[in-house]
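First comes the structure, then the notes that go with it.
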Amino acid sequence: MNPSEIESIQNSQYKRLNIDRIEYGTAGFRARSEVLEHVFYRMGLLAVLRSKLKNANIGLMITASHNPESDNGIKLVDPHGEMLEISWEGIATDLANINDEGLISLLWQIINDNGIEMSMPVTIIIGRDTRKSSPLLLNAAISGIKALSGNVKDFGIITTPQLHYLVATTNTNADKSFSSLESYYKKLGNGFKRIRGETQYSNKYKANLYVDAANGVGANALKDIQKYIDSVLTINVFNDGNGELNYNCGADFVKTRSKLPLNSSNKPYVRLASIDGDADRLVYFYVDDQNKFHLMDGDRIATLAAVYLKELLEESNLSLKLGIVQTAYANGASTNYILNVLKIPVACVPTGVKHLHAKATEYDIGIYFEANGHGTVLFKDTAIKLIQESLTNTQLSTSEKTAISKIMDLVDMINQTVGDAISDILLVETILRTKDWSIVEWEQSYTDLPNKLLKVNVKDRNVVTVTDANRRCVTPKGLQEKINETIARYEKGRAFVRSSGTEDVIRVYVECESPSDVDKFALEVANLVYNFANGIGPRPESL
Ligand code: G16
């Protein structure tokens with residue numbers, strides 16, 4: 001750092017607020033927006049250091065995704081569009097929490113420990129969601145970037161997956177030019193139109209989808225993608241920004257509450273979907289003629305994609321290894337279906353896209369989805385090369401060639417940098433149309449075990465620590481034994497608890513065979529957590 005940079009940081013208006021320690025959680029920092037200015041400033045500084053270290057553009061996304069409008073958050077995006085390397089999360093946490101007097105020496109320590117060459121010019125790519133607090137916080141982040149002489153490329157209000165895509169493509173463009181949103185929409189839209197071909201399907205599948213956009217940035221993106229897919233699919237957007245962000249709507253609400261979002265049609269068997277506040281999660285749902293709600297969550301999207309890819313691989317005779325990655329929140333019935341019916345290997349990793357993404361790269365084609373609707377499909381570079389080469393192989397049969405070119409279209413249509421609700425909608429719609437399935441046929445592949453997801457408020461959520469891909473609780477001592485005793489009383493019972501990395505709560509998940517037992521089971525485990533972890537607020541007594 002040169003003297004004027006040091007002076008600028010020392011004189012910065014963004015002084016540390018006297019708040020509790022804040023952690024770089026599941027997807028960056030998240031908290032009430034009014035306590036975050038100094039954190040954003042410091043993440044601006046850190047993004048410049050990371051960018052110099054990697055000799056590449058780094059992304060900063062300003063969003064608190066599914067959290068309420070009053071929260072905000074920030075995360076760093078690495079050069080290939082992936083989440084920040086896990087070893088740097090601790091560095092980010094230390095930098096966010098250090099007192100103002102220690103800031104310069106901590107920056108020197110990061111520079112020296114990592115051998116960062118400070119003279120290199122760098123650019124930080126920024127995006128933000130629609131939160132009202134974002135412009136103010138954006139200024140703080142930009143001040144941090146400029147204090148260390150970084151350049152800023154601000155894409156304004158965009159979805160989180162768009163930011164990931166822009167970082168990745170900007171870093172791989174041969175001429176180093178900035179990628180554009182237009183290239184994103186064209187890539188997805190063209191893949192979607194090509195894979196459809198000329199065939200018309202009009203029996204059970206209807207090319208008409210209703211999407212709850214959580215009153216977030218995804219509403220714009222859905223309207224924009226419509227222009228690139230013509231009338232192949234009509235996307236009717238509701239909760240498109242006139243109401244409060246994520247309030248009684250959006251993918252998290254629909255998944256956790258298992259009910260229709262605000263302003264939703266309740267016409268039987270209409271295919272509906274919800275995305276979240278920054279458009280990186282997707283769930284589908286419908287109500288039947290008894291007005292019963294049916295949810296098609298991330299597990300369902302993963303299995304649908306797996307069925308389709310497995311068929312295409314068989315038709316194409318390409319020798320590529322397919323695998324699926326889930327977390328402990330995946331319904332046991334979905335895991336059973338993948339292993340025993342589809343006969344595809346499945347891995348379980350801790351919650352957080354970074355863990356799923358890393359594991360999925362181990363397969364030639366890796367499908368990863370969290371039950372909450374966050375996921376995508378990854379194709380290894382070597383797999384893409386094989387697919388491309390096979391397209392020019394004159395020895396192949398027509399059906400082999402057709403299957404291979406469809407796989408290639410999928411490569412285009414899917415945002416491989418991170419789970420992307422817009423790209424995932426195109427994937428689901430492609431498969432339903434190809435199979436001529438209504439949402440009911442999709443649901444019939446397997447039957448979910450009854451399950452419940454609860455939140456418990458405690459004094460300090462950090463008292464709950466876990467291991468074994470979040471499936472076993474290490475502390476508080478004795479809690480896991482009591483959970484095990486409870487599980488043993490329920491047929492096909494499974495339960496686990498963990499502290500959220502995005503909200504100040506402990507999450508409780510249970511599933512079992514009997515629908516009439518699941519609420520009681522969930523309350524028993526929630527009460528154990530409440531007692532062992534010093535619960536605060538109302539005791540979980542009813543659902
Ligand atoms: C983020 C992460 C997801 C994670 C979710 C909930 O999603 O990207 O991987 O599943 O938080 O995490 P937790 O249970 O730790 O609160 P989003 O959509 O909120 O950015």
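Read the numbers this way: they start at 1 and go in the same order the structure lists the ligands and their atoms. As the structure is a prediction and not an experimental result, all values here were calculated from the model.
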- Between S500 and ligand 1, is there a nitrogen or oxygen pair with a distance under 3.5 Å? yes

- Message: Please determine whether a side-chain nitrogen of the Lys or Arg among R21 and D94 lies less than 4.0 Å from a carboxylate oxygen of the Asp or Glu.
- Response: yes

- SB check K255 D297 (cutoff 4.0 Å): yes

- Item | Contacting atoms of ligand 1, where contact means under 4.0 angstrom from a heavy atom of R507 | 13 (P), 14 (O), 16 (O)

- Min over E503, R281, M61, M83 of heavy-atom distance to atom 6 (C) of ligand 1 lands on R281

- Give yes if a backbone or side-chain nitrogen or oxygen of Y329 is under 3.5 Å from a nitrogen or oxygen of ligand 1, and no if not. no

- Task: Compute the minimum heavy-atom distance from R30 to ligand 1 and say whether it is under 4.0 Å.
- Result: yes

- Task: Please work out whether the ring planes of F496 and Y509 are parallel, tilted or perpendicular, with thresholds of 30° and 60°.
- Result: tilted

- Query: Using 4.0 Å as the upper bound for N to carboxylate O, is an ion pair formed by D78 and K54?
  - Reply: no

- Query: When you measure from atom 11 (O) of ligand 1 to every protein heavy atom, which one gives the shortest distance, and what is it?
  - Reply: T502 CG2, 3.3 Å

- To the nearest 0.1 Å, how far is atom 8 (O) of ligand 1 from its closest protein heavy atom, and which atom is that? H374 CE1, 3.4 Å

- Query: Which ligand 1 atoms does G352 reach within 4.0 Å, using its non-hydrogen atoms?
  - Reply: 9 (O)

- Message: Assess, by modelled atom type and distance only, whether the side chains of R30 and N67 contain a donor and an acceptor separated by less than 3.5 Å.
- Response: yes

- Counting from 1, what ligand 1 atoms have a heavy atom of D276 closer than 4.0 Å? 18 (O)

- Task: Please step through side-chain contact (heavy atoms from CB on, under 4.5 Å) for the pair I229 and I235, ending with a clear verdict.
- Result: CA-CA 10 Å; I229 59 173; I235 304 176; 4.1 Å; yes

- Query: Is the closest N or O pair between E370 and ligand 1 shorter than 3.5 Å?
  - Reply: yes

- Task: Between T327 and ligand 1, find which residue part has any heavy-atom pair under 4.0 Å and reply side chain, backbone, both or neither.
- Result: neither

- Donor-acceptor side-chain pairing of S133 and N72 below 3.5 angstrom: yes

- Message: List ligand 1 atoms under 4.0 Å from S65, heavy atoms only on the residue side.
- Response: 17 (P), 18 (O), 19 (O), 20 (O)

- Closest candidate by heavy atom, reference atom 1 (C) of ligand 1, pool A64, G298, A27: A27

- Item | Carboxylate-amine/guanidinium proximity below 4.0 Å for R281 and E370 | no

